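One structure is given below, encoded as structure tokens.
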Amino acid sequence: MTAIDVDDLAMLATGFEAAMRDAPDPASTTAALVDLGWIELLAASPAQAVATAFGALGTTGSVAGLVDDVVAHALDIAPDAGTAVALPPPARSAPPGTRDGGRIVVDGMASARLHHAATVLVPVAAVDGVEVLAVDADRVRTEASPALDTDQALVRLRATVDIADATPVDIQGAWPAAVASGRVALAHQLVGASRTMLDQARQHAVDRVQFGRAVSSFQAVRHKLAESLVAIEGAAAVVDAVGDEVDPLLAALAKSLAGQAARTTSAHAQQVLAGIGFTTDHPFHRWMKRAAVLDVALGSTASLPPEIGAELLRRRSAPRLVEL
């Protein structure tokens, strides 16, 4: 894969963030990123593309169906802004589709792209692995339901489709690789969201005065902010260790640690923000809710450790993350 120059990548990251902040809706955000070269960057250098785009999504709190492109690319399907990809159900990694006679039963999640996509790709469990079926989006759309994340960056997807209405799609990539790539992408987004939550709490602690002193001067507050920073940087180190060739074990570890960092940071930041952190008057709630939803996509902080442990036992070795 072609590595992008650091200066060019920084410029592109700035452009991504600006586009995300200016776009009025998810469809516009995706279109703007495609115009800026998101698809080409994903093809040329997947690791850099994912780190740049999903880090920006996490930082800005924006909504875009980019995880669809990452999963499609890993399956060797050309990404398309008009195509959504059905993801596994919460805290799971199994394909969202199963065959039931002459029907496909879909039980999973989908990104915000589902709301404006023309086609949905449904990974279906098969005897010899996973097959992918293309279905008209009108046949799988479900009514919007109340969600923790009101922007519905990820939504629950349940549908039943006749096999006659589905078209097989040729894939070269493996499903575990697609899951791993999606996990790394969401891990970058969780780290970006955690950094924003920490910054919001830190700024509040600096600005807020209690008993004649800045809140940031209290040791208990400093400890919470420091614990959050340690969790974020630890997760970020693992996420950044993933290259273009994604190791499923490393991807699971990155997603698990990023989810835990987000949970730790959201809890500490909410306490530092005090009363306003429990209201919608402060923007913090958007990142906190988004992180909670992202955590359960493609495996959660609770479900991934047993999976990681089983894989370590199978391999009888642990990967070296950093050369000392």
Side-chain angles (χ1 to χ4, degrees), residues 4-73 79-85 110-118 137 144 147-155 182 185-204 236 258 262 265-266 269 280-294 297:
I4 309 301
D5 180 81
V6 175
D7 291 335
D8 291 340
L9 199 62
M11 186 180 301
L12 189 59
T14 300
F16 278 3
E17 289 192 15
M20 290 174 185
R21 291 192 171 97
D22 293 341
D25 53 59
S28 300
T29 303
T30 301
L33 296 179
V34 169
D35 288 343
L36 286 172
W38 153 247
I39 299 297
E40 291 79 7
L41 181 61
L42 180 62
S45 183
Q48 290 180 312
V50 165
T52 303
F54 282 84
L57 280 176
T59 299
T60 62
S62 300
V63 177
L66 303 189
V67 69
D68 303 71
D69 298 327
V70 172
V71 173
H73 180 266
D80 187 323
T83 300
V85 179
S111 76
R113 184 174 293 183
L114 178 69
H115 302 306
H116 61 267
L148 176 65
D149 181 4
T150 54
D151 290 331
Q152 295 192 325
L154 289 169
V155 297
L186 296 180
H188 278 291
Q189 189 171 354
L190 281 163
V191 168
S194 298
R195 293 194 192 282
T196 295
M197 289 189 288
L198 178 59
D199 186 63
Q200 290 171 340
R202 184 201 65 80
Q203 192 60 53
H204 178 82
T265 303
S266 62
T280 57
D281 293 330
H282 192 283
F284 165 76
H285 73 97
R286 292 180 52 224
W287 279 265
M288 180 191 71
K289 294 173 181 176
R290 180 70 46 73
V293 173
L294 292 173

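Heads up: numbering here begins at 1 and tracks the sequence. Keep in mind that what you see is a predicted model, and the values were worked out from it rather than measured. Computed from heavy atoms alone, side chains included, the values below leave out hydrogens, waters and symmetry copies.
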Under 4.0 Å between a Lys/Arg side-chain N and an Asp/Glu carboxylate O for K289 and D151?
no
Looking at NE2 of H204 and CG of D199, how far apart are the two atoms once the value is rounded to the nearest 0.5 Å?
13.5 Å
Nearest heavy atoms of R113 and T30, plus distance in Å
NH2-CG2, 3.4 Å
Closest non-hydrogen atom pair, M197 against S266
SD-CB, 3.7 Å
If I compare all heavy atoms of S28 with all of A23, which pair ends up nearest, and what's the gap?
C-CB, 3.9 Å
Mind checking the CZ-CZ spacing from R195 to R202? Nearest 0.5 Å is all I need.
13.5 Å
Between the CG atom in L36 and the CG atom in L41, the distance rounded to the nearest 0.5 Å is 10.5 Å
I'd like a table of donor-acceptor pairs (distance under 3.5 Å, sequence neighbours excluded) in which one partner is a side-chain atom from residues 50-68, with atom names and distances.
residue : atom : partner : partner atom : Å
T52     : OG1  : Q48     : O            : 2.7
T59     : OG1  : G55     : O            : 2.9
T60     : OG1  : A56     : O            : 2.8
T60     : OG1  : S62     : N            : 3.3
T60     : OG1  : S62     : OG           : 2.8
S62     : OG   : M20     : O            : 3.4
D68     : OD1  : S111    : OG           : 2.5
D68     : OD2  : V85     : N            : 2.7
D68     : OD2  : S111    : OG           : 3.4

dist Q152:CD -> R290:CZ (nearest 0.5 Å) comes out at 10.5 Å
Got Q189 and L186 here, is their nearest side-chain heavy-atom distance under 4.5 Å?
yes
If I take atom CH2 from residue W287 and atom CG from residue L198, how far apart are they, to the nearest 0.5 angstrom?
13.5 Å
Judged by atom type as modelled, is there a donor-acceptor pair below 3.5 Å linking the side chain of T83 to the main-chain atoms of P79?
no
Taking the side chain as every heavy atom from C-beta outward, state whether P26 and H115 have any atom pair closer than 4.5 Å.
no
Here the gap from D69 atom CG to I39 atom CD1, rounded to the nearest 0.5 Å, amounts to 4.0 Å
Which heavy atom in A262 sits nearest to a heavy atom in S194, and how many Å separate them?
CA-OG, 3.2 Å
Which atom names give the shortest non-hydrogen contact between V71 and G182, and what distance separates them?
CG2-CA, 4.5 Å
Closest non-hydrogen contact found for A32 with A19 is CB-CB, 3.9 Å
